[in-house]
Amino acid sequence: MSCWHYYAPSPSGEPAGDPCFTVDASSITFGRGALGEAGPALRAAGCRRVALFTDKVVSQTAWFPAVSASLRRAGIDAAVYDQVRIEPDEASFQAAAQFFREGGFDGVLSVGGGSVIDTAKAAALLGCHPAELARYLGPPLGAGEPVPGPLPPHIACPTTCGTGSECTGIAVCALPARRTKAGISHRLLRPTRALVDPLVTTTLPAAVVAASGFDVLCHALESYTARPHTRRPPPAAPELRPLSQGANPYSDIGCREALRLCGRYLLRALAADDLEAREQLLFAAMLAGIAFGNAGVHAPHGMAYAVAGGAHGVPIDGYPASGPLLPHGVSVILSAPAAFRFTAAACPERHLEAAALLGAEVGGAGPGDAGEVLSRHLLHLMAQGRQPQDLAAVGFAQADVPELVAAARLQRRLLDNAPRSIDDQALAGLFSAALRYSPPEPRPAGPGADSGAAHAV
Ligand SMILES: [Fe+2]
C-alpha cells in the first residue's frame, strides 16, 4: 500500500488523532440495463408500495418507462413525485417529506440526478422523523443531531455521472437566506442499493456531462488529499465517527482509480456517441462516490457552496435553461485550482501523484512544484472541457470576496477536512486567486491521457 506514511500517528506533542477508520460499504449493481432491476431490488428489500422520486425532465426520458415496467413485473405499487426542485431547499425537502408521510409507503425509489436522490433521502428522514431541517444540519448551521432511527429501504438510480449521491449518506440543501448550502450527513441516509446504468448517459447534453465529470474529478481529488484520519480528533464514541472521517487507505483505492479514469475519459465523454467513455466516467463517479462517502471532500466543495449561493446567473454554454443558476460541478472546479495550489504544501506527493493520474506531465517535478503542476493541469482540462476559466467568467468580482468568505466559513465540516488549516484570511486569498487564473500553457499529454481503449470495467 503506497503512502502509508500519510497515516503515521501524530507526532508527540500534538493531539492524538483517530487511529481507526470505518468502512461503510455501498451495495451497488452496475451495468447496462441495471435500471430494469429496480422492481426486483425493491421486492428483495421487502417493499410493496414505494414513493418514486424524480423530476419532470427525467420522467420524460425514453428509458423512464423501463423503470415503471420493472416495478409492474415485480408487483410493486408506486406513486410518482416529480416535483423535485433542482438545488433543493428546506421547503422542497419538507414538501417531499409530506408526500412520503401521507402516502402509506414502505420504501423509496429515486430516479434522477443528485437533487432527486438527495430529496428522496430527506423525504424519508423528515417523513419518518419530522423536524425542522436545522435539527439535522451540521454545526454551525444546525444542531447536528443524528438520524434517530432506521429509515425505509431506498433504491437509488442515478441519471447523471457526477454526484455519487447514490453511494453516500449525505443530502445537500440550498440555504438561500445564508447564500450557501449545507448537508445532512449520516450513514443511515445511505441508499440501500444503487442501480447504476450507463445507458442513461446517452441522453445527457455535453455540458451536463462536463459539469458532472469535473464534480467526479474533485470528489476523488479532495478525498485523496483530505486530512488523514490519524490527524483528525477521535470521536467521543465509536458510533459517532463521522462519514467525513478524512483520507483513509480504503478510500484511497477508489480515488486513485477514479482519477485515472477521469484523466482518460472525461474529455472523451463529451461526445454523445462515445458510450464507452461515458460508461467509464460513470464508473469513476461511482468509485469516487464510495471514496468520498467514507472520507469527505474539503476546500473546493466548501468554497463552491458559497459560490453557488452567490451565483450571478451568467448562462453556462450548452447548459439546459432548466438547470441551476450555476451547475454544482462548475462551481466546484472553478475553486479547485486555487484550493489545490494552497493545500499541496501539506501533502505534495499526493497532489503530484493525482496530477500524474489525471494525465499531467510530472517528469522532473519535485514537492515544491506539486501545487502548481496540479492546478495548471486542472486549468488545462477546464479549457479543453469548455468550462468557464475563473470566477470572473461567471460574474464575480473582488467586491464579492467578503460575502464569499462569510458564506464559506460556515462550511466547517468541509474546511476542517482540508490537509491545511483554512481561516478567513486564507479563504479570502483563495477566492481572490480564483477570480482570475492566468491561461494555462499547453502541456504535453502524460501516460494517463491516452485513448483508454484497452481498459474495461
Ligand atoms: Fe460534488
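Start at 1 and go down the list; that is how both ligands and their atoms are numbered. All values below come from the heavy atoms of this structure, side chains included, with hydrogens, waters and symmetry mates left out. Please read all numbers here as calculations on a predicted model, not as lab measurements.
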Do NZ/NE/NH1/NH2 and the carboxylate oxygens of Glu257 and Arg260 come within less than 4.0 Å?
yes

Ionic contact status for Asp18 with Arg232, cut-off 4.0 Å:
no

Keeping waters out of it, list the protein N, O or S atoms under 2.8 Å from the Fe ion (ligand 1).
Asp215 OD1, His219 NE2, His301 NE2, His328 NE2

Given Lys181 and His328, is the side chain to side chain contact (heavy atoms under 4.5 Å, CB included) satisfied, shown in steps?
CA-CA 11 Å; Lys181 296 182 181 180; His328 170 66; 4.2 Å; yes

Partner residues of Tyr305 under the ring-ring contact (aromatic ring centres under 6.0 Å, His included) criterion, sequence neighbours left out:
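So Tyr305 forms no ring-ring contact (aromatic ring centres under 6.0 Å, His included) with any residue.
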
Distance (rounded to the nearest 0.5 Å) between Ile316 CD1 and Ser331 OG
9.5 Å

Exactly one candidate in Thr119, Asp118, Thr160 meets side chain to side chain donor-acceptor pair (under 3.5 Å) with Ser165; the answer is Asp118

